[in-house]
Structures are given as C-alpha cells and as structure tokens.
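Data first, discussion second: the structure below is written as structure tokens.
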Amino acid sequence: MSLKIPSPVLSQIKAVVFDLDGVLFDSYDSNVAFYDHILEHIGKPPVPGHLKDLVHRESIHGSLKALVGDGAEYERAMAYCKGLDFEPFIKRLKLFPDVHKTLETLAQTVRLAVATNRISSTIPALEHLELASFFELVVTPADARASKPQAEFMTYTLEKLSLTRRDVVYVGDSVIDQDLCLASDVPLVAFRDARLKAWAHVQGMAQIPALLSGE
C-alpha cells in the first residue's frame with residue numbers, strides 16, 4: 001500500500017468515480033434506521049452509538065458482523081435482508097446540493113461511474129434520486145467480489161472501465177475511501193472531510209468541475 005495519495009495529471013483524467021453515501025446523498029439517518037430495523041427483527045437492541053459511523057460506511061456484511069458477529073444471528077439477519085423492502089429507507093435519503101448540475105457538467109468532458117459498498121439498494125437509491133442515467137458503470141461488492149478498502153475493488157472498477165489508475169479520480173468521504181485510494185494508488189477528492197489524506201478537498205459538489213479543469 002502506498003503511504004501517499006497520488007496527484008492526477010488533469011489533462012489525462014478520463015473518468016470520475018463516486019462513492020454514494022455521504023458524497024452524492026446524506027444517508028446517515030437512513031442507514032442507522034435500516035440496521036435498527038434489522039436488529040429489532042432478530043431481537044437485538046438498536047445500533048449502539050459507537051457503531052453508527054461504521055454502519056454508515058461499511059458494506060452490509062461488514063456492518064452486520066460488527067453488530068452481531070458472524071454466527072447464527074448474522075445468518076438470520078442476512079436472510080431477513082434478502083426479502084426486505086428498501087423503499088422506506090430509500091425515501092429517507094437526502095440528495096446533497098448541486099448534485100444533478102455537477103454531474104451534468106462533468107458528463108460533458110469525462111465518464112462517470114459509481115463504486116460503493118452499498119449493495120442491494122444501490123440501483124433503487126440511484127433511481128429514486130434520479131441519478132441512475134448519469135453513470136455508465138455502477139460497482140458494488142457483489143460485482144467486484146471485494147469491498148472497500150480492498151485494492152481489488154478498485155482494480156475491478158478500472159477493468160470494467162478499461163482505464164488505468166492514472167485515468168481516474170475517486171470522490172469519497174471516509175477513511176475507507178482514503179484507504180482504498182492509498183491501496184490502489186488512485187487520486188482521492190475528499191468530500192467534506194479535511195482530515196482525510198487526499199489529492200484535493202472539497203466542501204460541496206459544485207467545486208468539483210472547476211477543480212478538475214484546473215481553475
């Protein structure tokens with residue numbers, strides 16, 4: 001793993017790859033409510049405060065293992081999830097300002113993709129927020145057989161795009177995104193978190209087109 005996030009050559013950027021949760025939309029309350037619901041179903045107390053950030057960024061597999069371990073309760077929770085209606089939780093997602101306008105601007109010059117640890121609810125969430133049409137590729141752990149921050153997750157994404165790590169930047173908001181980019185040697189644009197190791201930091205979506213154009 002590299003110890004430093006690389007800087008891109010702006011003229012060579014061919015695609016921008018986005019995380020979902022915490023980048024395109026605010027899903028914190030939605031995610032906590034989702035896992036509270038699952039825990040209630042299997043007779044467990046709600047998500048404890050010290051794990052709320054974890055369930056916001058981890059895949060469902062990592063979140064449930066942190067909440068209930070990897071034994072019988074994990075299997076019960078996963079079985080329940082397979083038939084779960086995601087709509088009530090998707091309705092609680094809150095699109096960040098300027099997302100549609102920013103994606104429209106970026107799409108004029110670069111390709112757009114999503115690479116997220118969200119799994120089954122990814123496409124429904126994108127469709128609900130009218131984002132699906134912007135992205136030519138959507139990658140989840142179910143596709144890549146790996147999850148963030150494993151380098152294999154980014155390798156799969158790049159292979160599907162037929163691009164190299166020098167052709168893309170990744171927009172993420174968490175330590176997991178930082179570690180993914182460190183592991184895969186991909187430039188990170190950190191969204192709303194100045195503490196992350198990143199090539200660049202932005203506080204809003206509208207900053208990204210100017211950043212990538214060198215303005």
Side-chain angles (χ1 to χ4, degrees), residues 1-8 10 13 15-35 47-60 62-63 66 92-103 105-106 110 112-119 121-122 125-126 129 131 134-135 138-141 147-151 153-154 157 165 168-215:
M1 178 186 291
S2 171
L3 298 177
K4 184 179 179 181
I5 294 287
S7 298
L10 294 179
I13 296 175
V16 180
V17 184
F18 289 89
D19 180 29
L20 282 188
D21 297 73
V23 173
L24 296 181
F25 48 70
D26 180 353
S27 59
Y28 191 92
D29 291 342
S30 173
N31 289 339
V32 172
F34 173 74
Y35 288 104
V47 177
H50 71 282
L51 290 180
K52 288 185 177 180
D53 284 346
L54 183 146
V55 303
H56 181 54
R57 63 179 185 263
E58 282 280 359
S59 69
I60 190 169
S63 295
R92 298 178 68 156
L93 300 175
K94 301 172 185 176
L95 194 67
F96 280 124
D98 301 315
V99 169
H100 284 122
K101 182 178 179 180
T102 297
L103 295 177
T105 300
L106 289 172
V110 295
L112 303 178
V114 163
T116 175
N117 270 351
R118 183 179 281 264
I119 302 181
S121 59
T122 297
L126 288 171
L129 295 170
L131 297 173
F134 288 106
F135 300 105
V138 176
V139 175
T140 76
S147 60
K148 298 186 297 182
Q150 293 172 286
F153 186 81
M154 182 63 76
T157 302
R165 65 183 187 277
V168 306
V169 296
Y170 186 79
V171 184
D173 71 311
S174 72
V175 172
I176 284 182
D177 298 322
Q178 168 196 278
D179 291 348
L180 171 70
C181 289
L182 286 170
S184 53
D185 201 29
V186 165
L188 172 66
V189 177
F191 188 75
R192 298 178 63 177
D193 194 336
R195 299 168 297 178
L196 298 178
K197 295 178 182 178
W199 160 61
H201 295 80
V202 297
Q203 289 300 311
M205 288 289 291
Q207 295 175 259
I208 296 176
L211 172 70
L212 298 183
S213 67
E215 296 178 6

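Since the model is a prediction, treat every value here as computed from it, not as a measurement. Values reported hereafter were calculated over all heavy atoms of this structure, with side chains retained and with hydrogens, waters and symmetry mates removed. The residues of the chain are indexed from 1 along the displayed sequence.
In this structure Phe135 satisfies the ring pair (Phe, Tyr, Trp, His ring centres under 6.0 Å) test with no other residue, sequence neighbours excluded. Under the side-chain contact (heavy atoms from CB on, under 4.5 Å) criterion, Ser63 pairs with Tyr35, Leu54, Val55, Glu58, not counting sequence neighbours. For Ser174, the side-chain contact (heavy atoms from CB on, under 4.5 Å) partners are Arg57, Ile176, Asp177, not counting sequence neighbours. Shown here are the side-chain contact (heavy atoms from CB on, under 4.5 Å) partners of Thr122, two or more places apart in sequence or in another chain: Leu20, Thr116, Arg118, Leu126, Val138, Thr140. Under the side-chain contact (heavy atoms from CB on, under 4.5 Å) criterion, Ala200 pairs with Leu211, not counting sequence neighbours. Applying the ring pair (Phe, Tyr, Trp, His ring centres under 6.0 Å) test to Phe18 and every residue at least two apart in sequence or in another chain returns nothing. Asp53 meets the side-chain hydrogen bond (donor to acceptor under 3.5 Å, both in side chains) test with Tyr28; sequence neighbours excluded. For the ring pair (Phe, Tyr, Trp, His ring centres under 6.0 Å) test, no residue two or more places apart in sequence or in another chain qualifies with Phe25.
Atoms CG and NE2, from Asp173 and His56 in turn, are 5.5 Å apart once rounded to the nearest 0.5 Å. Interatomic distance, CG of Asp21 versus CG of Asp26, reported as 9.0 Å (0.5 Å rounding). Separating the NZ atom in Lys148 from the CG atom in Asp179 is a distance of 11.0 Å, to the nearest 0.5 Å. To the nearest 0.5 angstrom, Leu180 atom CG is 9.5 Å from Asp19 atom CG. With rounding to the nearest 0.5 angstrom, the OG atom of Ser184 is 9.5 Å from the OH atom of Tyr170. Within the model, atoms CZ of Phe134 and CG of Leu106 stand 10.0 Å from one another, a figure rounded to the nearest 0.5 Å.
Applying the ring-ring contact (aromatic ring centres under 6.0 Å, His included) test to pairs two or more places apart or on separate chains, those with a residue in residues 172-198 are Phe96-Phe191. Among residues at least two apart or in separate chains, salt bridge (charged side-chain N to carboxylate O under 4.0 Å, His left out) pairs with a member in residues 189-205 are Asp193-Arg195. The ring-ring contact (aromatic ring centres under 6.0 Å, His included) contacts involving residues 196-215 comprise nothing, where partners must be two or more places apart or lie in separate chains.
Within the 4.5 Å cutoff, the side chain of Leu131 has heavy atoms near those of the Leu95 side chain. Contact of the Leu182 side chain with the Ile5 side chain is registered, since non-hydrogen atoms from C-beta on lie closer than 4.5 Å. Using a 4.5 Å cut-off on side-chain heavy atoms (C-beta onward), Val110 and Leu112 make contact. A 4.5 Å side-chain heavy-atom check between Leu10 and Ser213 finds every atom pair outside the cut-off.
Here the side chain of Ser27 pairs no donor or acceptor atom with the backbone of Ser30 at under 3.5 angstrom.
Listed here is the closest heavy atom pair of Ser147 and Pro141: CB-CG, 3.7 Å. Closest approach of Leu188 to Gly172, counting heavy atoms only: CD1-N, 3.7 Å.
Checked for salt-bridge contact, Arg165 and Asp185 meet the test: a charged N lies under 4.0 Å from a carboxylate O.
Between Thr102 and Asp98, the side chains place no donor N or O within less than 3.5 Å of an acceptor N or O (distance only, hydrogens not considered).
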Requested in this report: List the steps and the verdict of side-chain contact (heavy atoms from CB on, under 4.5 Å) for Leu24 and Met205.
Outcome: CA-CA 8 Å; Leu24 296 181; Met205 288 289 291; 3.6 Å; yes
